[in-house]
Amino acid sequence: MTKSLKGFINIGNILYYRQSQMHCRVYSSQKEKFVEKRYSGTVILPKTNFQAKIHGKKRIEMDQYVQDKCGFSELYNWQRANLKGPDFVLHDGPPYANGDPHMGHTINKILKDITIRSKVIKGQRVHYIPGWDCHGLPIELKALSSTKKNNCSDLSPLQIRAQARKFAEEAICKQRQIFASWGIMADWKDTGCYFTYNPDYVKNQFRQFYNLYQKNLVYRDFKPVYVSPSTRTALAESELEYKDNHQSLCATVRLLLVDLPEKLASFEDKPIYALTWTTTPWTLVANQALSYCSNAKYCLAKDYSSNLYIMASELITSNQEKIGPLSVLKTFMGYELSGTTYAHPITGEVLPFLAGNHVNTEQGTGLVHTAPAHGQEDFLVALENKIAIKSFVNEDGKYNAQAGPDFEGISVLEQGTNAVIAKIGKDILNTETITHSYPYDWRTKKPVIVLASYQWFIDTDSIKDKAIECVQTINIYPEQNRVSWKNALVSQLQKRPYWCISRQRVWGTPIPVLFYKGTNKVFISGKWIDRLEKLVNKYGNEFWWELPIEKLLGQKLIAELNVEPSSLEKGNDILDIWFDSGVSWSTVLTNKKANLYMEGMDQFNGWFQSSLLTSVALQECSPYDDLFVHGFAVDEKNNKMSKSIGNVINPELITKGGKDINKNPVYGIDVLRWWVASHGTQHTLIPMKNTLLQGSADTIHKFRLVFKFLLGALQSNYEIKNSIVEPQYKYLDKYMLYQLYHYHHNIQSMYEKYQYHNVSRTIVNFITNDVSAIYCHLIKDRIYCEKLDSPYRLGALDVIAIALAITVRSIAPILPHLAEEIWLHHPENLMPLFHVKQNIMENWNNSEVKIIVARALDLKNEINKIISFDKHMNNPWLLKATVEVNSEDYKLLSLLQNSETTCVSELCDICQLSSITLLKNNSIKNMNVTLNKIENQHLCKRCRRYPESGNEEICNRCSEILCSI
């Protein structure tokens with residue numbers, strides 16, 4: 001580009017004059033004097049203050065301005081008061097109140113907001129109450145880690161609870177502020193949210209626990225459960241992470257038989273050993289039986305030292321690799337081991353062989369060391385055979401005094417295995433280290449153990465059939481995953497015989513029972529629950545730890561129930577947080593049921609399941625009609641975002657940028673929301689990449705350019721809003737109305753099915769192609785150059801107004817800030833966008849118009865193909881065409897051009913040609929197009945369209961318009 005006269009841009013030998021958005025081109029040689037002949041002041045150009053770009057801090061300021069100006073904080077309550085039901089109920093799964101918002105929160109909250117906004121924009125009232133899971137170990141541990149005391153064990157329960165409450169309140173404050181800043185539509189005041197530590201919520205938990213107790217669905221029992229020594233509490237399956245590279249020291253152990261099976265009576269004068277293999281040698285202290293498979297074949301084998309061993313015949317080869325060559329002396333079936341006994345390897349106690357359904361011959365020896373206190377299957381064997389369970393390990397994961405002086409105080413996971421091996425070394429035939437999957441505490445990332453203890457359980461076995469039946473009626477989205485997700489939920493329910501709901505911590509809701517001292521007998525009654533609810537109202541949630549039993553009972557109840565307070569003691573357990581949140585439907589939902597639960601895929605083990613089980617138990621139905629399951633954010637290498645990996649991205653870095661603006665630019669809230677909509681409903685691994693964020697920003701910029709044009713065009717229409725001229729529509733206008741009609745209904749359908757990635761794709765395609773590249777491009781001459789009150793110009797502006805309204809409403813659930821910003825610049829805007837109704841007229845749905853214009857657009861595409869191959873045909877307005885078509889196409893195209901040759905037809909407008917000669921030729925199947933340049937003519941200096949001869953500067957149409965001004 002070279003220097004030129006002021007106001008001109010010199011590109012090659014052509015000068016362009018730039019004024020506003022109009023370029024007036026003046027042809028001249030470089031040596032000639034330039035004569036400026038301008039008509040730009042007579043052209044009706046778009047004008048609007050809406051900006052095509054907003055960068056940096058101005059983007060942050062605009063987001064906040066739009067929220068304040070357009071009443072984002074009042075929208076939820078406005079729709080509750082002004083829209084009609086029935087309500088669409090989206091129940092919010094409560095996030096933990098234990099830290100700053102992360103990308104998981106971003107995906108979840110924005111997907112929910114898109115859902116409820118899509119309902120409100122079409123006029124349906126929604127019920128959405130955001131909540132927080134305020135109790136639980138994550139909060140308690142963080143509160144303890146922040147304490148100034150050197151030894152957290154010095155803290156009383158009330159001190160721990162005070163610390164935890166403070167931590168939770170601070171986290172809620174931060175999360176609530178950021179969720180609201182994302183434009184999430186809700187009543188964010190305390191009265192508009194739910195918190196699991198609120199007194200009313202706690203009272204409801206007491207009541208629901210008692211209801212379950214009355215139904216015999218909740219009970220206390222001594223069972224093996226997962227226990228985390230690192231956090232000193234029982235855990236549910238959903239609180240575990242399985243580490244695939246866990247290493248265990250395994251041992252092959254021999255156990256001396258006392259009573260031989262009848263099949264081996266001839267060997268009774270010789271020592272015979274049962275051979276067992278265990279991945280947890282530390283549990284041998286609690287060994288109470290050896291389990292066998294009744295249908296498997298076993299054998300008596302001799303080693304090179306003439307020692308005799310019993311094992312499964314199929315496993316001879318694998319055991320020879322561990323203890324040396326073996327020769328089989330006798331074989332027999334497993335059921336023939338019934339009545340056999342052996343000596344405990346440490347105490348010498350005589351113990352039985354017992355049949356076990358869990359025993360197989362895939363690995364080990366086919367004889368399974370059975371410690372009922374430390375294994376689910378082992379426990380069932382003991383239960384079936386009425387064996388009293390022995391447990392020698394405490395909740396700290398250490399052997400207790402009953403384990404004996406050689407083991408007392410030893411950590412089973414750290415020194416337990418070595419201590420046992422050292423004690424019974426003579427009976428250890430082989431040790432090996434294996435790498436396998438093992439459960440870890442998901443919070444501390446440390447291994448757990450299985451330990452029998454007294455816990456509270458919900459009897460899921462008695463309700464799971466009903467729960468599985470309910471699952472069959474639930475719609476699960478996205479639809480492509482419906483079968484697999486439904487199977488996953490059913491699978492989780494099938495393998496869960498009970499649910500441990502007690503935890504040995506203090507930050508939570510106390511299990512509302514007392515115990516008779518010296519027994520396991522429980523004290524609980526309906527009247528006592530009534531009493532506890534009153535105490536919560538009077539003293540708050542700390543009453544359980546503050547008040548003595550006499551106060552908990554009250555004199556009236558003591559007398560009425562004839563109980564002696566001194567004979568009772570408080571329970572020390574709290575309710576599992578999955579029970580906390582699992583009964584939220586009974587507190588938050590007016591009709592105890594939601595249309596939709598929308599959470600991450602990890603909630604099949606968590607909230608989806610706990611909500612379903614409690615609802616089936618208490619009201620015999622599912623608490624939700626539909627489930628939407630989304631994935632989780634991953635980095636560019638598809639690694640799940642995790643603090644331990646260090647790949648976590650703070651959403652604030654995206655919306656507000658970082659210190660280095662080049663490295664971390666300000667994208668604004670809507671870019672974050674567009675990323676969620678575009679990727680959050682189609683992937684289980686949701687990629688977070690700079691390229692995707694930039695792509696989202698580029699897409700929104702394209703939208704802004706289109707909407708800037710639409711708003712600018714409407715401004716001139718607003719200036720003549722009282723015109724008495726009746727708008728008239730051309731075929732192209734009617735075609736656009738047809739497209740808008742179907743676009744609106746398609747978008748609504750996709751919103752209804754939660755297909756937000758398809759919504760995004762459809763919006764981009766429609767706005768950039770149908771609205772911008774086709775309609776806006778083809779009507780520019782009409783709205784720029786026709787008379788201000790020309791009926792066909794007014795018709796085009798009518799369609800622009802409709803297109804603006806429909807497209808803005810279509811993006812509003814995803815991009816509410818952009819939508820409201822656009823609406824603020826609408827010349828006829830009187831209220832926020834979400835308050836405005838949109839009428840979709842049935843007469844727009846004219847398929848005949850669609851067929852006619854679609855064929856004209858096909859012709860335009862054919863013309864563009866020819867032009868693309870000839871660089872001399874770069875301006876179609878300097879071309880004329882001869883078009884030959886068959887009779888069917890001729891019938892269609894003749895409606896757009898009623899003369900054989902003309903330069904003023906709508907077909908010329910659509911194809912943007914100087915003139916078209918339309919001929920019928922039944923011998924051809926498609927179209928034959930011939931293009932030629934117009935000769936000895938130039939284009940009108942005003943409209944740059946119609947050719948004129950001789951020295952005329954403007955065309956006849958423009959002359960008439962100028963004369964009328």
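Just so you know, residue 1 is the first one in the sequence shown, and it goes up from there. Nothing here was measured: the structure is a model prediction, and the numbers come from that model.
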- Ring-face cation contact, Tyr65 with Lys69, 6.0 Å cut, 45° max: no
- Message: Taking NZ in Lys730 as the centre, count heavy atoms belonging to other residues, nucleotides or ligands within less than 6.0 Å. Is the count above 12?
- Response: yes
- Item | Residue pair Cys785, Ile961: steps toward the side-chain contact (heavy atoms from CB on, under 4.5 Å) verdict | CA-CA 8 Å; Cys785 299; Ile961 291 171; 5.6 Å; no
- Message: Rounded at 0.5 Å granularity, tell me how far CG in Asn898 sits from CG in Leu907.
- Response: 11.0 Å
- Which of parallel (below 30°), tilted (30 to 60°) and perpendicular (above 60°) describes Tyr738 and His742? tilted
- Query: So do Asn886 and Met927 actually touch side chain to side chain, heavy atoms under 4.5 Å?
  - Reply: no
- Message: Using a 6.0 Å distance limit plus a 45 degree cone around the ring axis, check whether Arg59 lies over the aromatic ring of Tyr667.
- Response: no
- Message: As a quick check of understanding, evaluate side-chain contact (heavy atoms from CB on, under 4.5 Å) for Lys122 and Gln748, giving each step before the final call.
- Response: CA-CA 9 Å; Lys122 73 172 187 177; Gln748 288 298 320; 3.6 Å; yes
- Item | Distance (rounded to the nearest 0.5 Å) between Ile747 CD1 and Ile121 CD1 | 12.5 Å
- Message: Would the distance check show the side chain of Arg942 and the main-chain N or O of Thr42 forming a donor-acceptor pair, the cut-off being under 3.5 Å?
- Response: yes
- Message: A cation-pi test, strictly: NZ or CZ of Arg855 under 6.0 Å from the centre of the six-membered ring of Tyr731 and no more than 45 degrees from its axis. Yes or no?
- Response: no
- Nearest atoms (heavy-atom pairs only) where Gly680 meets Leu111: O-CD1, 3.9 Å
- Check whether any side-chain heavy atom of Ile114 sits under 4.5 Å from a side-chain heavy atom of Val759, and report yes or no. no
- Message: Looking at His825 and Glu821, would you say the former's side chain and the latter's main chain have a donor-acceptor pair under 3.5 Å?
- Response: yes
- Full working for side chain to side chain donor-acceptor pair (under 3.5 Å) between Gln755 and Tyr477: CA-CA 9 Å; Gln755 296 174 352; Tyr477 299 90; over 6 Å; no
- Task: Mind checking the CG-CD spacing from Leu794 to Glu786? Nearest 0.5 Å is all I need.
- Result: 10.5 Å
- Message: Donor-acceptor check, side chain of Gln79 to backbone of Val126, threshold 3.5 angstrom: yes or no?
- Response: yes
- Polar side-chain atom of Asn829 near backbone of Met831 as donor-acceptor pair, under 3.5 Å: yes
- Answer yes if the side chains of Gln912 and His777 hold a donor-acceptor pair under 3.5 Å, and no otherwise. yes
- Task: Measure across Pro816 and Arg673 and return the closest heavy-atom pair with its distance rounded to 0.1 Å.
- Result: CD-NE, 3.2 Å
- Message: To the nearest 0.5 Å, what is the distance between NZ on Lys860 and SG on Cys911?
- Response: 7.0 Å
- Could you check if a side-chain atom of Asn928 sits within less than 4.5 angstrom of a side-chain atom of Val883, using non-hydrogen atoms only? no
- Task: Would you confirm whether Ser905, through its side chain, and Thr902, through its main-chain N or O, come within 3.5 Å as a donor-acceptor pair?
- Result: no
- Note on the structure: Rounding to 0.5 Å, atoms CG (Leu740) and CG (Asn845) come to a distance of 12.0 Å
- Query: Asp670 side chain to Leu818 main-chain N or O, any donor-acceptor pair under 3.5 Å?
  - Reply: yes
- Query: Do Cys908 and Arg945 come close enough that some side-chain heavy atom pair is under 4.5 Å?
  - Reply: yes
- Check whether any side-chain N or O of Asp113 sits under 3.5 Å from a backbone N or O of Met185 as a donor-acceptor pair, and report yes or no. yes
- Taking atom types as modelled and ignoring hydrogens, do the side chains of Ser678 and His757 form a donor-acceptor contact shorter than 3.5 angstrom? no
- State whether the number of non-hydrogen atoms from other residues, nucleotides or ligands found under 6.0 Å of Asn49 atom CG is greater than 12. no
- Between Phe50 and Leu824, is a side-chain contact (heavy atoms from CB on, under 4.5 Å) present by the stated rule, with each step listed? CA-CA 9 Å; Phe50 181 79; Leu824 285 173; over 6 Å; no
- Please check if atom CD in Glu848 has more than 12 non-hydrogen atoms from other residues, nucleotides or ligands closer than 6.0 Å. no
- Message: Tell me the closest heavy-atom pair linking Arg957 and Cys943, and the distance in Å.
- Response: NH2-CB, 3.3 Å
- Relative to Phe709, does Lys780 satisfy both conditions: NZ or CZ under 6.0 angstrom from the six-membered ring centre, and within 45 degrees of the ring's axis? yes
- Task: Evaluate the ring planes of Phe707 and Phe703, with Trp represented by its six-membered ring, and classify them as parallel (under 30°), tilted (30 to 60°) or perpendicular (over 60°).
- Result: perpendicular
- Is it true that a side-chain atom of Thr807 and a backbone atom of Ala803 form a donor plus acceptor pair closer than 3.5 Å? yes
- Message: Before you tell me yes or no, could you show the steps for His817 and Asp63 under side chain to side chain donor-acceptor pair (under 3.5 Å), namely the whole-Å CA-CA distance, both residues' side-chain angles and the distance that decides it to 0.1 Å?
- Response: CA-CA 6 Å; His817 299 80; Asp63 285 342; 4.9 Å; no
- Any side-chain heavy-atom pair from Asn846 and Tyr741 closer than 4.5 angstrom? no
- Query: Do the non-hydrogen side-chain atoms of Asp698 and Gln694 ever get within less than 4.5 Å of each other?
  - Reply: yes
- Message: Would Tyr743 and Thr762 count as a side chain to side chain donor-acceptor pair (under 3.5 Å) here? Give the steps.
- Response: CA-CA 8 Å; Tyr743 169 76; Thr762 303; over 6 Å; no
- Query: Using a distance-only test with no angle check, is there a side-chain donor-acceptor pair under 3.5 angstrom linking Tyr775 and Asp733?
  - Reply: yes
- Message: Ring-plane angle category for Phe628 and Tyr754, please: parallel below 30°, perpendicular beyond 60°, tilted otherwise.
- Response: perpendicular
- Using a distance-only test with no angle check, is there a side-chain donor-acceptor pair under 3.5 angstrom linking Thr917 and Thr901? yes
- With the threshold set at 4.0 Å, does a side-chain nitrogen-carboxylate oxygen contact exist between Lys920 and Glu888? no
- Item | Side-chain (Asn82) to main-chain (Trp78) donor-acceptor, under 3.5 angstrom | yes
- Which residue, Asp781, Leu788, Ile779, forms the side chain to side chain contact (heavy atoms under 4.5 Å, CB included) with Arg793? Leu788
- Message: Pair Lys58, Glu61 - check salt bridge (charged side-chain N to carboxylate O under 4.0 Å, His left out), show working.
- Response: CA-CA 5 Å; Lys58 290 185 178 180; Glu61 292 168 359; over 6 Å; no
- Task: Side-chain contact test, heavy atoms from C-beta onward, threshold under 4.5 Å: evaluate it for Leu714 versus Ile800 and give yes or no.
- Result: yes
- Query: How many angstroms lie between atom OG of Ser118 and atom CD of Glu752, to the nearest 0.5 angstrom?
  - Reply: 6.5 Å
- Query: Do Ile822 and Leu804 come within less than 4.5 Å of each other through their side chains, counting heavy atoms only?
  - Reply: yes
- Task: Would you check, one step at a time, whether the test side chain to side chain donor-acceptor pair (under 3.5 Å) holds for Ser810 with Tyr751?
- Result: CA-CA 10 Å; Ser810 73; Tyr751 272 125; over 6 Å; no
- Shortest non-hydrogen contact from Pro813 to Phe834? N-CZ, 4.5 Å
- Cation-pi check, Arg782 to Tyr792: give yes when NZ or CZ is under 6.0 Å from the six-membered ring centre and within 45° of the ring axis, no otherwise. no
- Message: Could you check whether any side-chain N or O of Asn922 sits under 3.5 Å from a backbone N or O of Ser887, counting only pairs where one atom can act as donor and the other as acceptor?
- Response: yes
- In short, Tyr729 meets Gly795 closest at the heavy-atom pair CE2-O, 3.3 Å
- Task: Considering non-hydrogen atoms only, spot the tightest contact between Gly56 and Val666 and give its length.
- Result: O-CG1, 3.5 Å
